[in-house]
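The structure appears right after this line, and notes come after that.
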Number of protein chains: 2
Amino acid sequence: MRSDDVPPPSVPDLAQSGPRRSTTTWQVIRDDVLARIRSRAWPPGELIPHEAELAAEYGCARSTVNRALREVAATGLIDRRRKAGTRVALNPLRRATLHIPVIRQEVETRGARYDYALISREHVSAPLAIRSRMGLPPQTRLLHVRALHLADGIAHAYEDRWINPQAVPEIMEVDFARISANAWLVQNVPYTRGELTLSAAAADADCAACLLCAPGAAIFTMERITWIGDQPVTLVTQSHPPGYAISTAI
Amino acid sequence: MRSDDVPPPSVPDLAQSGPRRSTTTWQVIRDDVLARIRSRAWPPGELIPHEAELAAEYGCARSTVNRALREVAATGLIDRRRKAGTRVALNPLRRATLHIPVIRQEVETRGARYDYALISREHVSAPLAIRSRMGLPPQTRLLHVRALHLADGIAHAYEDRWINPQAVPEIMEVDFARISANAWLVQNVPYTRGELTLSAAAADADCAACLLCAPGAAIFTMERITWIGDQPVTLVTQSHPPGYAISTAI
DNA sequence: CAGTGGTCTAGACCACGGT
DNA sequence: CCGTGGTCTAGACCACTGT
C-alpha cells in the first residue's frame, strides 16, 4: 500500500480468530467489508458505498476495491449490479468451496497403503435408473464396473461405475485389473462438464459386504457424472463406510 | 459477415483483433487454457507459458492473463508459483463451490409453504460429545434446541442445535416458538468463522419419528459450527429425510 | 439518460523462491 | 542472483440497468 496519509478506516475491530496476515490492500479491504457486514454496520439489504467511494476511503485505485468486492461477491454475501450498486445480500445463500478428495491421495496422505481391487466388469444393457440419470435412450449398452478402494487392505470406498462406450470406445480394451477405471479415464478422457451429487444411502447387500458394514447402514455417497459435450461419459457412485465425512470452512 | 465459418480452434488461433462477442478476453483465455489442459495439449505436470508470453499471444495486457489464470488456479487445475511458473496440476485436487441452501428459501422456491416447529428447549450441561466438538470445558451449560422445518406440513429437516450462552447471552430470552434459532442467530450474531461438515448417519429414534422414517434409516446430515473469535457460538446438525441430495457442477 | 460495476491497459514495484 | 507471479495504479471505455 502506498498512501499512508489515509487514516485506517473506522471498522469495528471484531475479535479475530487468528492473527491477520493479509498484507495486501485488496485483502484488507475484503476483510473490512466482511467485518462490517458481520457486525451489521452494513445490515442485510443495505447499499454499501460504491467502488469509487471506497477507493477514496482507502486511498487506492478503484480496481483494487473491485478485486476485493469481487472476492466477497464470490462468497454470496453481497449482490452486485450495475447502476443499482452493491447490496448486502438479504438472504445470504452461502457458497463454500468443497475440496473433492482424490481417493488415492486421500488414502496415501493418511500414511496408508493404497490398493485397488476390481470386483466385476460387465457389458450390459443399462437399467432404467442409470439410463435416465445419464440421459441415454433405451437399449443402450454400458460397461458396468464395480471396484474397491483399499487403505492398508481395508475397504475405504466402494465404487459402482457405468461407462458409455459410445463416448469412449477405447474403454472396451482396457484391463481394469491393471488400471482403475478412474485412473484410465482421468488420463485419457478430457471431459467438458461434470456434476457432483452428495447424498446418504442405505448400504445394499453388495456394498455392505465390501465395506464390512451391516446391510442398510448409512453410507455417504458421492455420485459424479461427466460429459464430453452432450455425450455422457461415465456415472460413478463412490460409497464410504459409516463415519466418513467431508468438511469445509464457511 | 466475416468468415465466421472457421471451426472452433482446437489449437486456438490467437492474435485476436476484432471485437468480442459475448465473452470477455479473460474468459476466452481461461476457456482456452481449460481446453488445452483437458485435451492434454498441456499434459499434467507440464509447465505452461508464462504470463508475459500468453499476453503476447493473445495481444492483451499481462494483468488480463493473470486474471484468467487466477480463475483457473482457483479450480485447482493448475499450480502457480513465483519463479517456478505455472504447471498443470499432477493430481488435480478438484475444488467445487457448494451452494449451501437456506432451508426456508429451499422450501419456498419449491413452491411449498414453510413452517417451523419447536420440539424442545432445555438449558443443560453439555454432553461430552458436544463439548469436545465445540471445544468447551466440562460443566459448561448449553442451550439445547430441537426443531423441525416443514414443507407444506411435512418434515423437511430435523434440527438439533446447541447454543453457547456465554457467546450470546441474549439467546436465553428468545422465544423460539416465535422465531427460529437460526433466524435469530443469523439476524443477531455476526460470526467470524464457521465450519461445515457433511456426512451420513443412521436416524436415531427422535429423528426418525420426526422425519417419518425408520429408525436407523440413512440420513443426510449437515453439521455447522460457528465461532465469534475463539468462542464457539452454536453447533447445529440438520438431518434430511432419505432421498435428500445436494449437487454442484465440477 | 446517467450512474454503476466490469473489463482492460501499459506500465510499475515487490515478494517469493529456484538456481 | 534474477525470473516469475502478485499486486497495484491512473486512467479509459464499455455494458448493463434503474429512472
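Reckoned from all heavy atoms, side chains included, excluding hydrogens, waters and symmetry mates. Within every chain, numbering begins at 1; the chains are lettered A, B, ... in the order of the sequence lines, protein sequences first and strands thereafter.
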What N/O pairs connect the protein and nucleotides 16-19 of chain C at under 3.5 Å? Give each pair on its own line.
none

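Across the interface with DNA chain D, nearest-nucleotide mapping of W26(A) and R62(A) shows W26(A) to be the residue nearer the 5′ end.
Here dT7(D) presents its P atom at 10 Å from CZ of R30(A), a figure rounded to the nearest Å. The interatomic distance linking D79(A) (CG) with dC16(D) (C1') rounds to 14 Å, in whole Å. Atom pair R80(B):CZ and dA15(C):P shows a separation of 19 Å (rounding to whole Å applied).
Shown for residues 47-54 of chain A: residues whose heavy atoms fall under 4.0 angstrom of DNA chain C, namely H50(A), E51(A). DNA chain D lies under 4.0 Å from at least one heavy atom of each of the following residues of residues 63-77 of chain B: N66(B).
With sequence neighbours left out, the side chain to side chain contact (heavy atoms under 4.5 Å, CB included) criterion links D175(B) to A177(B), R178(B). When the salt bridge (charged side-chain N to carboxylate O under 4.0 Å, His left out) test is applied to R161(B), the partners found at least two apart in sequence or on another chain are E159(B). With sequence neighbours left out, the side chain to side chain donor-acceptor pair (under 3.5 Å) criterion links R67(B) to E71(B). R113(A) is linked by a salt bridge (charged side-chain N to carboxylate O under 4.0 Å, His left out) to D115(A), counting only residues two or more places apart in sequence or in another chain. With sequence neighbours left out, the salt bridge (charged side-chain N to carboxylate O under 4.0 Å, His left out) criterion links E53(A) to no other residue. Shown here are the ring pair (Phe, Tyr, Trp, His ring centres under 6.0 Å) partners of H240(A), two or more places apart in sequence or in another chain: H156(A), Y244(A). Applying the side chain to side chain donor-acceptor pair (under 3.5 Å) test to T86(A) and every residue at least two apart in sequence or in another chain returns R80(A). Not counting sequence neighbours, R224(A) has no partner by the salt bridge (charged side-chain N to carboxylate O under 4.0 Å, His left out) test.
At a cut-off of 3.5 Å, with distance as the only test, no side-chain donor of T226(B) or T234(B) sits close to an acceptor on the other residue. With hydrogens and angles left out, the side-chain atoms of T197(A) and S247(B) include a donor and acceptor closer than 3.5 Å.
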Distance-only criterion, 3.5 Å: show the donor-acceptor pairs between side-chain atoms of residues 96-104 of chain B and protein atoms not counting sequence neighbours.
| unit_1 | atom_1 | unit_2 | atom_2 | d |
| --- | --- | --- | --- | --- |
| R104(B) | NE | E108(B) | OE2 | 3.1 |

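Considering only the side chain of A61(B), dT9(C) comes nearest among dG6(C), dT9(D), dT9(C).
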